[in-house]
Amino acid sequence: MTLHLDDLRVRHLGECRYDSPLSAMLAAKRTSPHYVAEGDRVLLEDTVSMLAEHGLSPHDLPSFEAAGPRRKIYFDPARVTAGIVTCGGLCPGLNDVIRGLVQELTVQYDVKRIVGFRNGLRGLTARHRDDTIELTPDRVRDIHNAGGTILGSSRGAQDAEEMVDSLLLRGINVLFVIGGDGGMNAATNLAAAIRARGLDIAVIGVPKTIDNDLPYTDQSFGFQSAFAQAANFISSVSIEAAASPDGIGIVKLMGRHSGFIACYASLARNAADIVLIPEVPFALEGEDGLLARVERHVRSKGFVVIVVAEGAGQDLLAERGLLEGNATDASGNAKLGDIGGLLRETITAHLTAAGLAPTVRYIDPSYAIRSVTANAYDSVYCLRLAHAAVHAAMAGRTETAVVRWRRRFVHVPMPLIISHRNQVDPDGDLWMSVLEATGHLVHDPAPHRPLLVER
Ligand SMILES: Nc1ncnc2c1ncn2[C@@H]1O[C@H](COP(=O)(O)OP(=O)(O)O)[C@@H](O)[C@H]1O
Ligand SMILES: O=P(O)(O)OC[C@H]1O[C@](O)(COP(=O)(O)O)[C@@H](O)[C@@H]1O
Ligand SMILES: [Mg+2]
């Protein structure tokens, strides 16, 4: 998708007329390699070839508005009531973001009232809108020491008009939606409903996903903590597999449509022999198929470690009638078949038929990965995203997500965040690293992507 400068402009509620409490500090600042001033923009692309292709002056190149505090703001902080909601699946750092939002709103902007909606967008429905949590610095002081979200979360559909009514009834001027593709979709619809009614309510998104599958963000918050935890399970399984005759270690990791966790967790320990992700189809049978490859590993090395993303090989399950048609969860997300189970069964049968006596160690750590506390790196990241989100809201941005893009914090129009899915590029350098680390390129140099099958 080719984007132009106009596609990247974010919506403003109106003119910023109030002095920001941070204006004196900002007056002294200038753009430097480490600070992007409020009027400056951050380029969408960062290679010479991509930029040259546009043939445009720097000012006309596709670029994002820089995040950060503004000298003039849209809302009078004394009249602001903020709302916060977390939706969808958990990921590390949700409490860090909530805490950062509350601290920044109260300490820097002196906002007096912050309402936490419980259990995701369900908390904005008529039935649940009064069951909220008053969020104060005291209430959030220690919440970053635990995983999950103190607000709770949920999946399932809600009516946008009903949610707007809730915002009005609770007097919310600024809503922070911490959510994934579903949450950003819902927030976009909510913002459209707010706009259609001509209301003065800002909706700011803080994109969240354990799968790292949202575009226009370097890496989603909590992802690093999650794949570090996943890497521990890979270590465990590889120790088990190595200690067993004809040992087969299999770890199934989250990743509905994108294999980022599988790739990063595998690289973190460099113990995987085979990595299977949704983006790279594979065959079970045949000389280049998975079963033959597993057998070669076991015969040459004595054991094999396989890391599989849960969304990999769904076509193989469908072929075997092991998929529930087009089944979806309450939010409309595809329900997956159990690729880990299929691997365990087919590998055991294949190796047994080949005269080996496999010992299979299979781990599906599932929720144990996304429920962990954010590590120090992610905590910092979450806090800075929260700061950026508060500045964006107070400056009257709406239908806008705050993200880190090429190491800078920027504003992205919410529709772009849900325009497509971020996936591992089979031609990209991440997948190349995985192939290098698993020895595919050295041991099997002939096919460019050894486990990729044209279907
Ligand atoms: N396409 C959509 N349009 C409007 N709302 C959606 C859409 N997809 C999901 N939602 C709502 O957003 C919330 C979170 O979505 P979900 O897919 O469960 O998690 P996530 O935000 O992590 O992707 C749910 O309440 C769901 O109903
Ligand atoms: O069991 P749940 O809560 O539906 O979550 C499972 C799925 O949610 C995910 O964590 C991603 O969901 P989100 O979009 O909510 O982050 C997947 O990796 C996983 O398959
Ligand atoms: Mg999602």
Side-chain angles (χ1 to χ4, degrees), residues 85-94 97 117-125 127-128 147-149 151-164 166 175-193 203 205-215 217 219-223 225-227 229-230 251-265 277-278 308-312 314 327-340 364-372 399 401 414-415 417-424:
V85 62
T86 50
C87 36
L90 297 183
C91 83
L94 288 166
V97 176
F117 291 97
R118 284 185 200 270
N119 298 321
L121 295 173
R122 199 178 80 145
L124 278 142
T125 57
R127 189 154 165 230
H128 299 284
T149 157
L151 296 179
S153 193
S154 66
R155 301 196 189 272
Q158 291 78 31
D159 178 61
E161 297 300 336
E162 193 176 326
M163 292 197 285
V164 180
S166 300
L175 179 70
F176 298 96
V177 181
I178 310 167
D181 53 340
M184 293 301 115
N185 248 306
T188 307
N189 293 347
L190 182 63
V203 180
V206 184
K208 164 248 51 153
T209 152
I210 193 68
D211 294 347
N212 194 42
D213 60 357
L214 292 173
T217 177
Q219 211 166 56
S220 54
F221 73 80
F223 176 70
S225 309
F227 82 68
Q229 176 75 342
V251 184
K252 182 170 91 168
L253 295 174
M254 283 193 167
R256 213 190 289 262
H257 303 285
S258 304
F260 288 103
I261 299 178
C263 289
Y264 274 89
I277 60 173
V308 57
E310 62 181 336
Q314 294 298 302
T328 54
D329 70 10
S331 291
N333 301 303
K335 275 197 183 163
L336 300 175
D338 180 14
I339 186 62
D364 176 358
S366 183
Y367 303 115
I369 281 170
R370 69 180 195 188
S371 54
V372 298
E399 272 180 79
M414 236 177 229
I417 296 284
I418 48 176
S419 61
H420 63 281
R421 190 173 276 133
N422 187 31
Q423 289 194 295
V424 177

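Read the numbers this way: they start at 1 and go in the same order the structure lists the ligands and their atoms. None of the values given here were measured: they were computed from a predicted structure.
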Among [options], which one has a heavy atom closest to [atom]?
| atom | options | value |
| --- | --- | --- |
| atom 13 (P) of ligand 2 | Lys208, His257, Arg370 | Lys208 |
| atom 2 (P) of ligand 2 | Arg256, Met184, Arg155 | Arg155 |
| atom 4 (C) of ligand 1 | Asn189, Asp181, Thr86, Asn119 | Asn189 |

Under a 3.5 Å distance rule, please check whether [X] uses its side chain to pair with a backbone N or O of [Y] as donor and acceptor.
| X | Y | answer |
| --- | --- | --- |
| Lys208 | Pro92 | no |
| Thr125 | Leu121 | no |
| Thr188 | Glu399 | no |
| Ser371 | Gly148 | no |
| Glu310 | Leu253 | no |
| Thr149 | Leu151 | yes |
| Ser331 | Gly156 | yes |
| Thr209 | Asp211 | yes |
| Ser154 | Asn119 | yes |

Worksheet item: Between the Mg ion (ligand 3) and Asp213, is there an N, O or S atom separated by less than 2.8 Å?
Response: no
With a heavy-atom distance limit of 4.0 Å, tell me whether [X] approaches ligand 1 through its side chain, its backbone, both, or neither.
| X | value |
| --- | --- |
| Met184 | neither |
| Asp329 | neither |
| Asn333 | side chain |

Worksheet item: Does any N/O atom on Met254 come nearer than 3.5 Å to any N/O atom on ligand 2?
Response: no
Worksheet item: Looking at ligand 2, does any of its N/O atoms fall within less than 3.5 Å of an N/O of Glu310?
Response: yes
Quick one: nearest non-hydrogen protein atom to [atom], plus distance?
| atom | answer |
| --- | --- |
| atom 18 (O) of ligand 1 | Ser331 OG, 2.6 Å |
| atom 19 (O) of ligand 1 | Gly88 CA, 3.1 Å |
| atom 2 (C) of ligand 1 | Asn185 CB, 3.4 Å |
| atom 15 (O) of ligand 2 | Gly89 N, 2.6 Å |
| atom 1 (O) of ligand 2 | Tyr367 OH, 2.5 Å |
| atom 13 (C) of ligand 1 | Leu121 CD1, 3.8 Å |
| atom 11 (C) of ligand 2 | Asp211 OD2, 3.4 Å |
| atom 9 (C) of ligand 1 | Gly182 CA, 3.2 Å |
| atom 14 (O) of ligand 2 | Asp181 OD1, 3.8 Å |

Within ligand 1, which atoms have a heavy atom of [X] less than 4.0 Å away?
| X | answer |
| --- | --- |
| Gly156 | 24 (C), 25 (O), 26 (C), 27 (O) |
| Arg155 | 16 (P), 17 (O), 18 (O), 19 (O) |
| Gly89 | 22 (O) |
| Ala157 | 27 (O) |
| Gln158 | 25 (O), 27 (O) |

Discussion item. Suppose I only count heavy atoms of Gly255 and a 4.0 Å limit; which atoms of ligand 2 are within that range?
Written reply: 18 (O)
Practice prompt. Mark up the atoms of ligand 2 that fall under 4.0 Å of a heavy atom belonging to Gly88, in ascending order.
Written response: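 Those atoms are 15 (O).
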Any chance you could measure [X], atom [atom1], to [Y], atom [atom2], to the nearest 0.5 Å?
| X | Y | atom1 | atom2 | value |
| --- | --- | --- | --- | --- |
| His257 | Arg421 | NE2 | CZ | 4.0 Å |
| Tyr367 | Ile210 | OH | CD1 | 12.5 Å |
| Ile261 | Arg256 | CD1 | CZ | 11.5 Å |

Worksheet entry | Of the N, O or S atoms in Asp181, the one nearest the Mg ion (ligand 3) |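 Nearest to the Mg ion (ligand 3) within Asp181's N, O and S set: OD1.
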Discussion item. Students often mix this up, so state it plainly: with edges at 30° and 60°, are the rings of Tyr264 and Phe227 parallel, tilted or perpendicular?
Written reply: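 If you compare the ring of Tyr264 with that of Phe227, the planes turn out tilted.
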Compare all side-chain heavy atoms of [X] with those of [Y] and state whether any distance is below 4.5 angstrom.
| X | Y | answer |
| --- | --- | --- |
| Phe221 | Val206 | yes |
| Asn189 | Met163 | no |
| Asn212 | Asn422 | yes |

Polar-atom distance check: [X] versus ligand 1, any N or O pair below 3.5 Å?
| X | answer |
| --- | --- |
| Gly179 | no |
| Ser154 | no |
| Gly183 | yes |

Worksheet item: Going through the distances and angles, do Phe117 and Arg122 end up as a side chain to side chain contact (heavy atoms under 4.5 Å, CB included)?
Response: CA-CA 8 Å; Phe117 291 97; Arg122 199 178 80 145; over 6 Å; no
Practice prompt. Return yes when Lys208 approaches ligand 1 closer than 4.0 angstrom through a heavy atom, no otherwise.
Written response: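 For ligand 1, residue contact (heavy atoms, under 4.0 Å) with Lys208 is present.
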Worksheet item: Is ligand 2 less than 4.0 angstrom away from at least one heavy atom of Gly180?
Response: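 No, Gly180 has no heavy atoms under 4.0 Å from ligand 2.
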Discussion item. Looking at every heavy atom in both Cys91 and Leu94, which two are closest together, and how far apart are they?
Written reply: O-CG, 3.4 Å
